[in-house]
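Structure first, then comments.
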Amino acid sequence: INQKFKKNIIVVSIIITIVFLVINVALYMINNNYLVHKVEEENNAFLQLTTHLINENDISIALEYVEHYTHIHKVEIEILDDQDTMIFSSNVAHLYSSRHEIETLQGSFTVFIDNTESVTVASIEKNTIYVNISLVVIYVFALLILIRNNKITSKEIDQDISNVLNLIDHKHTNHSEFNHSE
C-alpha cells in the first residue's frame with residue numbers, strides 16, 4: 001500500500017509540475033504582451049507631447065521636457081533634426097532602440113527611444129518575479145501538503161490492517177479503533 005501512495009504522489013507531483021509550468025508560461029506571455037503594448041503607449045504619448053511642445057513653443061522648451069522625461073522615466077532618448085544633426089542625446093540610444101519620425105511646424109525630427117532600463121520595464125519585470133516566487137511557494141506548499149496527507153493516510157491504513165489481522169487471529173478489537181470504515 002505504501003508503494004501505491006508513493007506512485008500516487010509522483011503522479012500528482014508531475015501533474016502539479018505541468019500545471020505550474022503552463023501557468024508560468026501563460027503569465028510570461030501575458031506580461032510580455034502587456035509590456036510591449038505599455039511601452040508603445042508610453043512612447044506614443046511622449047512623441048505626441050514632444051510634437052505639441054515643438055509646435056506650440058520653441059524647440060528649447062521641448063528639449064527641456066525631453067531631458068526631464070529621460071530622468072523621470074529612465075529612458076534613453078536621442079533626437080536628430082532633418083539634417084541628421086543631433087540636437088539632444090541622453091545616451092547612445094540609437095544603438096538599442098526604436099526609431100520614430102515626428103513632423104512638426106519647425107521641420108521633421110528623428111527620435112530614438114531606448115526603454116531597456118525604463119521604470120515601466122523594471123516595474124513589469126519586478127511584478128513577474130513576484131508572481132513567479134508566489135507560484136513557487138504555492139507549488140512547494142501544495143507538494144508538502146500532498147506528501148503529509150499521504151503519509152498520514154498510509155499510517156492510518158497500516159493501523160487498520162493491523163487491526164484486521166488481530167480480528168483474523170480471533171483477538172477482540174474495539175470497532176472504534178479503525179481509522180477507515182472501508
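Throughout, residue positions are numbered sequentially from 1 according to the sequence presented.
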Can you measure from CG (Asn115) to CD (Glu76) and round to the nearest 0.5 angstrom? 10.0 Å

Spatial distance of atom CD (Glu103) from atom CG (Asp82) [nearest 0.5 Å]: 9.0 Å

When you check the side-chain N and O atoms of Ser90 and Glu67, is any donor under 3.5 Å from an acceptor? no

Carefully, step by step, assess Tyr28 and Asn132 under the rule side-chain contact (heavy atoms from CB on, under 4.5 Å). CA-CA 9 Å; Tyr28 173 78; Asn132 279 322; over 6 Å; no

So which heavy atom on Glu42 is nearest to which on Tyr69, and how close? O-OH, 3.7 Å

Could you tell me whether a side-chain N or O of Ser123 sits under 3.5 Å from a main-chain N or O of Val119, the two making a donor and an acceptor? no

Drop me the distance from Ile124's CD1 to Lys38's NZ, to the nearest 0.5 angstrom. 7.5 Å

Is the backbone N or O of Glu40 less than 3.5 Å from a side-chain atom of Asn44, with the two atoms forming a donor-acceptor pair by type? yes

Carefully, step by step, assess His52 and Thr50 under the rule side-chain hydrogen bond (donor to acceptor under 3.5 Å, both in side chains). CA-CA 5 Å; His52 176 74; Thr50 303; over 6 Å; no

Are Leu49 and Val111 connected into the same hydrophobic cluster when the rule is that any two of I, L, V, M, F, W, Y join if their side-chain heavy atoms are below 4.5 Å apart? yes

Only one of Ile61, Asn57, Leu63 passes side chain to side chain contact (heavy atoms under 4.5 Å, CB included) with Ile59; say which it is. Leu63

Determine whether Arg148 and Leu144 satisfy the following criterion, side-chain contact (heavy atoms from CB on, under 4.5 Å), listing intermediate values before the conclusion. CA-CA 6 Å; Arg148 180 184 164 272; Leu144 290 175; over 6 Å; no

So, do Ile79 and Thr110 sit near enough that their side-chain heavy atoms are less than 4.5 Å apart? no

Taking every heavy atom of Leu35 against every heavy atom of Thr120, the minimum-distance pair comes out as CD1-O, 4.5 Å

Would you tell me whether Thr70 and His68 have side-chain atoms, one donor and one acceptor, within less than 3.5 Å of each other? no

Rounded distance [0.5 Å steps], NE2 in His73 versus OG in Ser118: 9.5 Å

Let me confirm one number: the CD1-OG1 distance from Ile102 to Thr104, rounded to the nearest 0.5 Å. 6.0 Å

Answer yes or no: are there more than 12 heavy-atom neighbours, outside Glu117 itself, under 6.0 Å from its atom CD? no

When you group the ILVMFWY residues by side-chain heavy-atom contacts below 4.5 Å and let the links chain together, are Leu21 and Val136 in the same group? yes

With a 4.5 Å cut-off on side-chain heavy atoms, are Leu135 and Leu27 touching? yes

Give the intermediate values and the outcome of side-chain contact (heavy atoms from CB on, under 4.5 Å) for residues Asn43 and Ser98. CA-CA 10 Å; Asn43 287 348; Ser98 56; 4.1 Å; yes

List the atom of Ile54, the atom of Gln106, and the distance in Å for their closest heavy-atom pair. O-NE2, 3.2 Å

Shared hydrophobic cluster for Val121 and Val75 (ILVMFWY, side-chain gaps under 4.5 Å): no

So, Asp81 side chain and Phe109 main chain: donor-acceptor pair closer than 3.5 Å or not? no

Are Phe88 and Leu53 joined in one hydrophobic group, where the rule is that I, L, V, M, F, W and Y side chains link up if heavy atoms are under 4.5 Å apart? yes

Counterpart residues, ring-ring contact (aromatic ring centres under 6.0 Å, His included), relative to Phe20 (two or more places apart): Tyr139

Atom CD in Glu101, atom CG in Leu47: separation rounded to 0.5 Å? 10.5 Å

Candidate pair Asn31 and Thr128, rule side-chain hydrogen bond (donor to acceptor under 3.5 Å, both in side chains), full reasoning: CA-CA 7 Å; Asn31 280 337; Thr128 303; 2.9 Å; yes

Same cluster or not: Val19 versus Ile138, using hydrophobic residues (I, L, V, M, F, W, Y) connected whenever any side-chain heavy atoms lie under 4.5 Å apart? no

